[in-house]
A.B. asks: 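Provided herewith is a single structure, encoded as structure tokens, for subsequent inquiry.
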Amino acid sequence: MDKNQHALFNYCLRLGDNSLILGQRITEWCSHAPILEEDIALANLALDLIGQAREFLTYAGEIEKKGRAEDDLAFLRDANEFRNALLVEQPNGDFAHTIVRQYLFSVFNYHLLTELGKGKDSTLAAIAVKSLKECTYHVRHSGEWILRMGDGTEESKRRLFNAFEDLWMYTAELFDTDESDDLLVKKGIAVDMKTIHPLWLETIKAHLDKISFPLPSNHYLVQGIKKGKHSEHLGHILAEMQFLPRAYPGTKW
Amino acid sequence: METNQKKDSQWKVWEVFVQSKTGASFTHCGSVHAPDKEMATQYARDLYTRRSEGRSIWVLPAEDIVATQPTEAASLFDPADDKIYRHPQFYKFPKGIHM
Amino acid sequence: METLEKKSVAEDPILEEAFMTRLLNGEKIEPKEWMPENYRKQLTRMMSQHAHSEVIGMQPEANWITRAPSLLRKVILLAKIQDEGGHGLYLYGSTETLGTDRSELIEQLHEGKAKYSSVFNYPTLNWADIGAIGWLVDGAAIVNQTMLAKTSYGPYSRAMLRICKEEGFHNRQGYDLMIAMMRGTKEQQEMAQDAMNRWWWPALMMFGPHDKNSSNTIELMKYRIKLESNDDLRQQFIDRTIPQAEIIGLTIPDPNLKFNKETGHYETSDINWDEFFNVIRGKGPCNKQRMHNHIQAHEEGKWVREAAEAYASKHKQL
């Protein structure tokens, strides 16, 4: 792969891994949601995310040209090769944590996919346009829950507040970039994170303003962790997710 | 804990009507539980359009549905049975006339 | 016009006779119409048990969702479990039309007053169990549900029609998974046979006790809630499933199995009824775990449900 292909490969992994790991996390809710209707809603969310991951990873494999398919990339890479953001690998916690994580990510992804859909790589743009419809609904679903928890009972306000406090530190990293991103931004393929960061913040602020809920302030933000550095959680996610293909190499399922 | 005293709630029941394609009637397809209109709409979407069954959804509180009783059926519906002149087949014309 | 809440007199020989005539004419009974109290009771019992089964049945499959060995298998399994939850919702909704609301139905489950299908009290131990559940457990369920789609209670019948339509893929994905395993490595074939050995008998038990020992069946059939007996349905399932097993190389775990050319039916050993009644009485391998999980999710979700209600009462226009 030349430098450009390598950059694009990495970029696709980043997009695919975000969706995959978050989708994997959401599936952990299966049969444990606060009410049966929400179990169905969360399953839809996970199905969308894993579906997106499949498309991004398949494309990554095509760019790489080493014959790796979506499953090779999902199940046979180790943690240090995963390119997802720290936010999406954080544990589900209570329902407030899951919803805040989802909301922070979905708003980010909404602005990202909106721009990516206008990008010069037609495959990426097509996946983005399709995924944006799903993401728009994710913003709506998680956003409505933010309002209900933030203006519900004393307990829900406290839990929502704690969730924002716990997760806010991982948000800056969503917008981290490296040289390969800059290369793709110049070519009109990748999205310039500097343009979507303020949009992301505005969207969230305007939403929380509806219920006069405070943004977390003066927070320590984890930064510069991209390039394969993760929290301790990812290793465990992968140990579980990758168990069968690892235990029985070369097997078709 | 503050939460353990109140009786459990599964939220109220909403009846769901789905329009399968533009121009079609909205058809009743079941119910969902939801705390309010917005969530009822979302849950109806999540539950009843998983296989592309819908283009549009109505939800309304189940408690607002009013039904007739079978005991009333005779007085309500039988009177329509002998009004055969309401149907086009009632009218016969001489051969050769096309309507 | 009568108010909806007024259910008329529960016992009334004249109304009951008219009701039975309607049943014999193949009419469907609708929620707000008069029905004998016993019909309502039997239906509520049976439908809520059915709803609980769908919901508890999510657990053994969810046990493998984070470990599904390919992304395609993962989304198929998730969509399938989600359908089970949806079917639980359809059935709770239909049961509620008889006058018992869902929180009460869930309370009955948690207090052990309502049952769910015992088959979900068995563990899913290897990946092929996911195939076996779709193929055998859903296969058995479909036989039952196809019959129930013709049941005399309108909402139950409509829910079953919708469910049968959606279940078509459940059974197929299970069998498809089993085929993949049987075409695979020796280890995969062993997993598949192991799953077959563990799920065959529980699947047969799903149809319930023999007709002669089933106190409910007679009444359910009188009310045309059920249209066929436990043993007849079980035989249909056996006859259709055995050739499917054989063609992919799976052995039915029954040394006495034979095909009777005269009747055209397979004959099997008798079910281990001691095991059957033990599991029903709560002594299956996973009864405690399944109930514990359900109660835990319910309790942990309470603050969420309350928050949404509090918000709704503050923002009435929503």
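Just so it is clear: chains get the letters A, B, ... in the order the sequence lines come, proteins before strands, and each one is counted from 1. Small disclaimer: the values here were computed from a predicted structure and weren't measured. Atom set for the values below is all heavy atoms of this structure, side chains included, hydrogens, waters and symmetry mates excluded.
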A.B. asks: Measure C/Gln59 against the heavy atoms of chain A and call it side chain, backbone, both or neither at under 4.5 Å.
C.D. replies: both
A.B. asks: Drop me the distance from C/Leu78's CG to A/Leu47's CG, to the nearest 0.5 angstrom.
C.D. replies: 4.0 Å
A.B. asks: Describe, in one word, how the ring planes of C/Trp303 and A/Phe95 are oriented to each other, choosing from parallel (under 30°), tilted (30 to 60°) and perpendicular (over 60°).
C.D. replies: perpendicular
A.B. asks: Between the side chain of C/Arg305 and the main-chain N/O of A/Pro34, is any donor-acceptor distance below 3.5 Å?
C.D. replies: yes
A.B. asks: In terms of heavy-atom proximity below 4.5 Å to chain C, should A/Asp39 be classed as side chain, backbone, both, or neither?
C.D. replies: side chain
A.B. asks: Counting only non-hydrogen atoms closer than 4.5 Å, does C/Arg73 touch chain A with its backbone (N, CA, C, O), its side chain (CB onward), both, or neither?
C.D. replies: side chain
A.B. asks: Of the backbone (N, CA, C, O) and the side chain (C-beta and beyond), which part of C/Leu72 lies under 4.5 Å from a heavy atom of chain A, both, or neither?
C.D. replies: both
A.B. asks: Check whether C/Thr66 gets within reach of chain A through its side chain, its backbone, both or neither, counting any heavy atom under 4.5 Å.
C.D. replies: both
A.B. asks: So for C/Arg183, is it side chain, backbone, both, or neither that comes closer than 4.5 Å to the heavy atoms of chain A?
C.D. replies: neither
A.B. asks: Against chain C, label A/Trp145 side chain, backbone, both or neither, depending on which of its atoms sit under 4.5 Å from a heavy atom there.
C.D. replies: side chain
A.B. asks: Name the region of C/Met191, side chain, backbone, both or neither, that has any atom closer than 4.5 Å to a heavy atom of chain A.
C.D. replies: side chain
A.B. asks: side-chain hydrogen bond (donor to acceptor under 3.5 Å, both in side chains) for A/Lys252 and C/Gln188? Distances and angles first, verdict last.
C.D. replies: CA-CA 9 Å; A/Lys252 285 203 179 71; C/Gln188 283 177 298; over 6 Å; no
A.B. asks: With heavy-atom distances below 4.5 Å as the criterion, would you say the side chains of A/Leu36 and C/Val55 are in contact?
C.D. replies: yes
A.B. asks: Quick one: do C/Arg102 and A/Glu37 make a salt bridge, cutoff under 4.0 Å?
C.D. replies: yes
